[in-house]
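In the text below, chain A, chain B and the rest are named by the order of the sequence lines, each starting its count at 1. None of the values given here were measured: they were computed from a predicted structure.
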2 protein chains.
Amino acid sequence: MNIDVSIDAAGPIAPEICPVRPLLDRMADKWSLLVIARLAEASGNRLRFSKLMRAVGGVSQRMLTTTLRNLERDGLVTREVFAEVPPRVEYELTERGKSFLIPVRTLIGWLEANWPDIQRSRELYDQND
Amino acid sequence: MNIDVSIDAAGPIAPEICPVRPLLDRMADKWSLLVIARLAEASGNRLRFSKLMRAVGGVSQRMLTTTLRNLERDGLVTREVFAEVPPRVEYELTERGKSFLIPVRTLIGWLEANWPDIQRSRELYDQND
DNA sequence: CCGAATCCAACTTGATACTG
DNA sequence: CAGTATCAAGTTGGATTCGG
């Protein structure tokens, strides 16, 4: 997604909305949030690849790797490789990654409070037209 | 996205994460958040289609329509059609839609605080390997 | 065990043209 | 003005295979 909302000639963009897209791009993919959640639960906020994969459940190797690379790139997790046989790689939530959980939980709180109503709205909307 | 995280045989799913996906599916699309932001700014949290389209900027008729339908379905906006010539349709943020802005702003706050660091992390990551 | 590479299906979005 | 219809293009995610 490369929408440059900051140079919109048709009108000013809400400053507080504009920079949110990059974050959404990170959160919105299929696995990032689940991965962060799993790491947050783990002791030491740390899991090796295979454990993490089973903890997340349903994720392919490809997508887990991709997701972790992106999270690492953003400084939300660290990646540590151990020179062993068989190889072992551990991922750990950084402080930034942990602090990210706070706003996420706020959002989740809103969802939990509103999700039943939203579902009702959807049913109503779908059955009417 | 139809991942049923609640029946993961490999382990329990964090209850606070599980129901968040439907919300992400709404937030994560390209325009929903911008549309909500534009309506929140407008007087009476209300705009007609054409005004909204120019306010958002860069959105096609097709996507704006789709986005608004989805938001309406979730009870975040209302749609009012006026029997006039030329036709006029106005969209207004509901109370639910307005309350949604609160957690979103929390998230945005985190991003604003962390975005510079994240960008630095990315640059570092990209230039190394 | 971890993950890179390849191929492919599905979904999302955009451009364009047309209508009440 | 406010859509709808159709088609093209880009992006994402899953399956599979292979390598260190």
Within residues 73-93 of chain B, residues whose heavy atoms come under 4.0 Å of DNA chain D:
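Going residue by residue through residues 73-93 of chain B, the ones with a heavy atom under 4.0 Å of DNA chain D turn out to be B/Arg79, B/Pro86, B/Pro87, B/Arg88, B/Val89, B/Tyr91.
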Where at least one partner belongs to residues 59-73 of chain A, residue pairs that pass salt bridge (charged side-chain N to carboxylate O under 4.0 Å, His left out), sequence neighbours excluded:
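Sorted result for residues 59-73 of chain A: A/Arg73-B/Asp126.
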Look at [X] and [N] and indicate whether a side-chain polar atom (N or O) is within less than 4.0 Å of OP1 or OP2.
| X | N | answer |
| --- | --- | --- |
| B/Arg48 | D/dA2 | yes |
| B/Thr66 | C/dT13 | no |
| A/Lys30 | D/dG14 | yes |

[X] [atom1] to [N] [atom2], straight-line distance once rounded to whole Å:
| X | N | atom1 | atom2 | answer |
| --- | --- | --- | --- | --- |
| A/Leu64 | C/dC2 | CG | P | 10 Å |
| A/Met53 | C/dG3 | CE | P | 11 Å |
| A/Met63 | C/dT6 | CE | P | 18 Å |
| A/Phe49 | D/dG20 | CZ | C1' | 15 Å |
| A/Leu71 | C/dG3 | CG | P | 13 Å |
| A/Lys51 | C/dC2 | NZ | P | 10 Å |
| B/Leu52 | D/dG3 | CG | P | 10 Å |

What's the separation between atom OG1 in A/Thr66 and atom CD in A/Gln61, rounded to the nearest 0.5 Å?
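Answer rounded to 0.5 Å: 11.0 Å.
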Which atoms form the tightest heavy-atom contact between B/Arg96 and B/Asp74, and what is the distance?
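Looking at all heavy atoms of both residues, the closest pair is NH1-O, 2.7 Å.
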With sequence neighbours left out, write down each residue that passes side-chain contact (heavy atoms from CB on, under 4.5 Å) with B/Glu84, or none if nothing qualifies.
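Residues passing side-chain contact (heavy atoms from CB on, under 4.5 Å) with B/Glu84: B/Phe82, B/Arg88.
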Looking only at side-chain N and O atoms, does A/Thr67 offer a donor or acceptor that is under 3.5 Å from a partner on A/Asn70?
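No donor-acceptor contact under 3.5 Å links the two side chains.
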Does a side-chain heavy-atom distance below 4.5 Å link A/Glu92 with A/Glu80?
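The answer is no, as the side chains (C-beta and beyond) never meet within the 4.5 Å cut-off.
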Measure the shortest side-chain to side-chain distance between B/Ser32 and B/Leu71 over non-hydrogen atoms and say whether it is less than 4.5 angstrom.
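Yes - at least one pair of side-chain heavy atoms lies under 4.5 Å apart.
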Checking salt bridge (charged side-chain N to carboxylate O under 4.0 Å, His left out) for the pair A/Glu95/A/Lys98: CA distance, chi angles, key distance, verdict?
CA-CA 5 Å; A/Glu95 287 307 311; A/Lys98 282 185 272 185; 2.8 Å; yes
How does protein reach along nucleotides 4-9 of chain D, written 5' to 3' as B (base within reach of a heavy atom under 4.0 Å), S (only sugar-phosphate), or - (no contact)?
B-B---
I'd like to know if A/Arg38 pairs up with A/Glu41 as an ion pair, taking the criterion as any Lys NZ or Arg NE/NH1/NH2 lying under 4.0 Å from an Asp or Glu carboxylate oxygen.
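Salt bridge between A/Arg38 and A/Glu41, a charged N being under 4.0 Å from a carboxylate O: yes.
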NZ/NE/NH1/NH2 to OD/OE distance under 4.0 Å, B/Arg48 and B/Glu90:
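Here B/Arg48 does not pair with B/Glu90 in a salt bridge, since their nearest N and O are not under 4.0 Å apart.
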Return the set of residues passing ring-ring contact (aromatic ring centres under 6.0 Å, His included) with B/Tyr91 (not counting sequence neighbours), or none when no residue passes.
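Counting only residues at least two positions away or on another chain, B/Tyr91 forms no ring-ring contact (aromatic ring centres under 6.0 Å, His included).
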What is the bend of the helix from C/dC1-D/dG20 to C/dG20-D/dC1 when you compare the axis at one end with the axis at the other, using five pairs each and rounding to 10°?
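Answer rounded to 10°: the end axes differ by 40°.
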